[in-house]
Amino acid sequence: MTPSAFALLDWYARQRRVLPWRALAGQTADPYAVWLSEIMLQQTTVVTVMPYFERFLKHYPTIEDLAHAPLQEVLAAWAGLGYYSRARNLHACAQQVAAIGAFPRSVEGLQALPGIGAYTARAIASIAFAVPVVPVDGNVERITARLHAVDAPLPGARKHLDRLAASLNLDPAAQEAPGDFTQALFDLGAGICTPRRPSCLVCPWREPCKAHASGDPARFPVRAPRKVRPERYGVVFRLVDRQGAVWLRHRPATGLLGGMAELPGTAWQDDPVAIEAALQAAPVALSMADDLTWKVAGQIRHVFTHFGLNLTVIAVQMDDFGPLHNQEGFACPHDALGKQALPSVMQKCLALPA
DNA sequence: AACTCGTGGAT
DNA sequence: TATCCAAGAGT
C-alpha cells in the first residue's frame with residue numbers, strides 16, 4: 001500500500017501549525033522569511049528559533065538590510081543559537097542574493113549559495129517557489145524509515161531513505177501543492193510521527209505504515225551507536241575594571257565559535273589545567289603568591305556536539321585596563337555586553353557569581 | 001565517509 | 001545524571 005498525498009494534505013489542512021515564517025493557507029510564502037527560518041531551524045527546535053526569528057525580521061526587515069549589516073552585529077544577534085557558521089554563511093548568502101537581486105528559484109541555484117545544502121535548497125524551492133521536490137530532514141527520514149520499516153541504521157541508510165522520500169512525490173496530489181506537502185511532512189513528524197511515542201492512532205498514514213504494522217514503530221529509524229564524547233579542560237580569566245567593564249577578545253574567524261567573542265584564557269586541552277600553570281596564560285601578571293588580586297570564581301561545564309568542556313573561571317578585579325595596553329582584545333563596558341557576540345558557554349562564565 | 005560544528009529541553 | 005535529538009552544512 002502506498003501513502004496517499006491527499007490523505008496527508010487533508011490532515012494538514014485541518015491540523016497545520018501557525019508559525020511566524022509560514023504563510024497562511026492560500027497565501028504565498030515570503031522567500032526571505034522561508035530562507036531565514038530554514039537556516040535557523042537547522043538542528044534547532046521551533047521553540048528555540050521563534051524569538052530569534054522575530055528579532056531578526058524586526059531588525060532586518062529585508063535581505064538588503066541583512067546584507068548591509070556588519071558581520072559582528074549579525075553574530076551578536078545570532079549569539080546563543082549555536083552553529084555559528086550558519087550566521088556567517090547567512091550574512092554571506094544575504095550579500096550574494098542582494099547583489100543578484102533575488103533568490104534563485106531552482107534547487108540547483110539555491111544550493112549554490114552559502115549555507116544552503118541539499119535539504120535547505122529543496123525546502124525553500126518547494127515552500128517559496130512551488131518546485132515539486134521533497135526535502136529530507138530528520139522528520140522525513142523518520143517518517144520514511146517507518147513507512148517502509150527500514151532496518152538499515154542511520155546515517156548509512158540516508159541515501160536509501162532519500163530515494164524512498166523522493167518516491168512520496170510521485171503522487172500528483174503532492175506535486176500540485178509542493179509547499180503544503182513539504183510542510184505537512186514537517187508537521188506530521190513534529191506532532192504525530194514523533195521520535196519516542198508516535199501517535200499512530202491519529203496518523204493519516206497509519207494504514208500504509210509498516211512500522212505501525214510491526215507493533216513497535218518507535219524502533220525506527222535505527223541509528224548506529226554514537227561514540228563517546230571526550231572531555232576537555234581550560235581556564236578563562238574574567239578581568240573586570242572599576243567601572244565593571246570586561247576584557248574580551250575575538251576568536252578566529254572560522255572553526256569552533258568562529259568570530260565570536262570570548263574571555264581570554266588557556267587553550268582547551270585533554271587534561272585538567274593546574275591553576276599555577278594557567279596563570280601564565282593570563283593577559284596580566286598573576287602569581288600564586290599575589291592571590292589578593294584574583295580568585296577562582298568557580299567552574300562551568302558546557303557540552304558541545306563532540307566534546308564536553310570544563311572551564312575554571314578566574315575573576316580578576318583591576319583598577320583599570322592600563323596593564324593590558326599591548327594585549328590582544330578589547331574592553332567591553334558592562335552595559336554593552338548584550339551587544340557582543342557572546343556564545344552561551346561564555347555567557348555562563350560571565351554569569352558565574354564572583 | 002567521517003568529522004566538525006552549539007544549544008537547551010525532554011525523558 | 002546521561003542520552004537523545006531538533007526544518008544539516010561544509011570539509
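Within every chain, numbering begins at 1; the chains are lettered A, B, ... in the order of the sequence lines, protein sequences first and strands thereafter. Values reported hereafter were calculated over all heavy atoms of this structure, with side chains retained and with hydrogens, waters and symmetry mates removed. Here the structure is a predicted model, which means the values were calculated and not measured.
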Give the table of side-chain donor-acceptor pairs shorter than 3.5 Å for residues 32-42 of chain A, with sequence neighbours excluded, one pair per line with atom names and distance.
from  : atom 1 : to     : atom 2 : distance (Å)
A/Y32 : OH     : A/Y60  : O      : 2.7
A/S37 : OG     : A/A33  : O      : 3.2
A/S37 : OG     : A/V34  : O      : 2.8
A/E38 : OE1    : A/Y119 : OH     : 2.7
A/Q42 : NE2    : A/G115 : O      : 3.4
A/Q42 : NE2    : A/T120 : OG1    : 3.0

Quick one: side chains of residues 327-342 of chain A, donor-acceptor pairs under 3.5 Å with protein atoms, not counting sequence neighbours, listed by atom name and distance.
from   : atom 1 : to     : atom 2 : distance (Å)
A/Q327 : NE2    : A/P283 : O      : 3.4

Using a 3.5 Å cut-off and no angle test, enumerate the donor-acceptor pairs between side-chain atoms of residues 90-98 of chain A and protein atoms at least two apart in sequence or in another chain.
from  : atom 1 : to    : atom 2 : distance (Å)
A/H91 : NE2    : A/A69 : O      : 2.6
A/Q95 : NE2    : A/A67 : O      : 3.2

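Between the P atom of C/dA6 and the CG atom of A/L188 lies a distance of 14 Å, rounded to the nearest Å. Between the P atom of C/dA7 and the CG atom of A/L36 lies a distance of 17 Å, rounded to the nearest Å. Rounded to an integer number of Å, the gap from CZ of A/F181 to P of C/dA7 is 16 Å. Rounded to an integer number of Å, the gap from A/W21 CH2 to C/dA6 P is 16 Å. Between A/L154 atom CG and C/dC5 atom C1' the separation is 12 Å, expressed in whole Å.
The list of salt bridge (Lys or Arg N to Asp or Glu O under 4.0 Å) pairs with a residue in residues 265-276 of chain A, not counting sequence neighbours, is empty. Sorted by first and then second residue, the ring-ring contact (aromatic ring centres under 6.0 Å, His included) pairs with a member in residues 275-314 of chain A read A/H302-A/F304, A/F304-A/F307; sequence neighbours excluded. Residue pairs meeting the ring-ring contact (aromatic ring centres under 6.0 Å, His included) criterion with at least one partner in residues 135-154 of chain A, sequence neighbours excluded, are absent.
Using a 4.0 Å cut-off on heavy atoms, the residues of residues 299-310 of chain A that approach DNA chain B are A/H302, A/V303, A/F304, A/T305, A/H306, listed by number. Less than 4.0 Å separates DNA chain C from at least one heavy atom of each of the following residues of residues 122-152 of chain A: A/D137, A/G138, A/N139, A/R142. Within residues 106-116 of chain A, the residues that have a heavy atom under 4.0 Å from DNA chain C are, in order of number, A/P114, A/G115, A/I116. Near DNA chain B, defined here as any heavy-atom distance below 4.0 Å, the residues from residues 39-53 of chain A are A/Q43, A/T44, listed numerically. Across residues 59-81 of chain A, A/G80, A/L81 each have a non-hydrogen atom less than 4.0 Å from an atom of DNA chain B (numbered order).
Interatomic distance, CG of A/L279 versus OG of A/S287, reported as 7.5 Å (0.5 Å rounding). One distance of note links CG of A/L168 with OG1 of A/T2; it measures 7.5 Å at 0.5 Å rounding. For the atom pair A/F220 CZ and A/L161 CG, the distance stands at 11.5 Å (nearest 0.5 Å).
Distances shorter than 4.0 Å separate none of the side-chain N or O atoms of A/S37 from OP1 or OP2 on C/dA7. Listed pair A/R86 / C/dA9 fails the phosphate criterion, with no side-chain N or O lying under 4.0 Å from OP1 or OP2.
Taking the P atom of each, B/dG8 and C/dA9 are spaced 22 Å apart, rounded to whole Å. Taking atom C1' on both B/dG6 and C/dC4, the two are 15 Å apart, rounded to the nearest angstrom. Between the C1' atoms of B/dC5 and C/dC5, the separation comes to 15 Å (whole Å). For the C1' atoms, the distance linking B/dA1 with C/dG10 amounts to 14 Å, nearest Å.
Protein chain A contacts DNA chain B from B/dC3 to B/dT11, reading 5' to 3' and using non-hydrogen atoms of the protein with a distance under 4.0 Å.
Annotation for A/R197: atom CZ does not count as buried by contact number, only 12 or fewer foreign heavy atoms lying within 6.0 Å. Shown here is A/E207, whose CD atom has no more than 12 heavy atoms of other residues, nucleotides or ligands within 6.0 Å.
Residue-to-nucleotide proximity on DNA chain B shows that, of A/K227 and A/L257, the 5′-proximal contact is made by A/K227. Nearer to the 5' terminus of DNA chain B, by closest-nucleotide assignment, is the contact made by A/K159 (compared with the other of A/K348 and A/K159).
Using a 4.0 Å heavy-atom cutoff across all strands shown, A/P343 reaches sugar-phosphate atoms only and no base atom. Within the nucleic acid shown, A/T120 comes within 4.0 Å of sugar-phosphate atoms alone, with no base atom in reach, counting heavy atoms only. Residue A/R223 is classed as a sugar-phosphate contact, given heavy-atom separations below 4.0 Å to backbone atoms only.
Of the possible polar contacts, none joining the A/D187 side chain to the A/A184 backbone as a donor-acceptor pair under 3.5 Å is found. Not one N or O on the side chain of A/Q15 forms a donor-acceptor pair closer than 3.5 Å with the backbone of A/W11.
By the 4.5 Å heavy-atom criterion applied to side chains, A/C349 and A/R238 are not counted as neighbours. No side-chain heavy atom of A/K348 sits under 4.5 Å from any side-chain heavy atom of A/R301.
With respect to the salt-bridge test (charged N to carboxylate O, under 4.0 angstrom), the residues A/D10 and A/R14 qualify. We find that A/R219 and A/D151 are joined by a salt bridge, their nearest charged nitrogen and carboxylate oxygen being less than 4.0 Å apart.
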**Prompt:** A/T254 and A/R88: side chain to side chain contact (heavy atoms under 4.5 Å, CB included), yes or no, with the steps?
**Reply:** CA-CA 9 Å; A/T254 59; A/R88 288 180 256 128; 4.1 Å; yes

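Hydrophobic clustering, with ILVMFWY side chains joined whenever heavy atoms are under 4.5 angstrom apart, groups A/W78 together with A/L57.
Judged by distance alone, the side chains of A/E231 and A/N310 do bring a donor and an acceptor atom under 3.5 Å apart.
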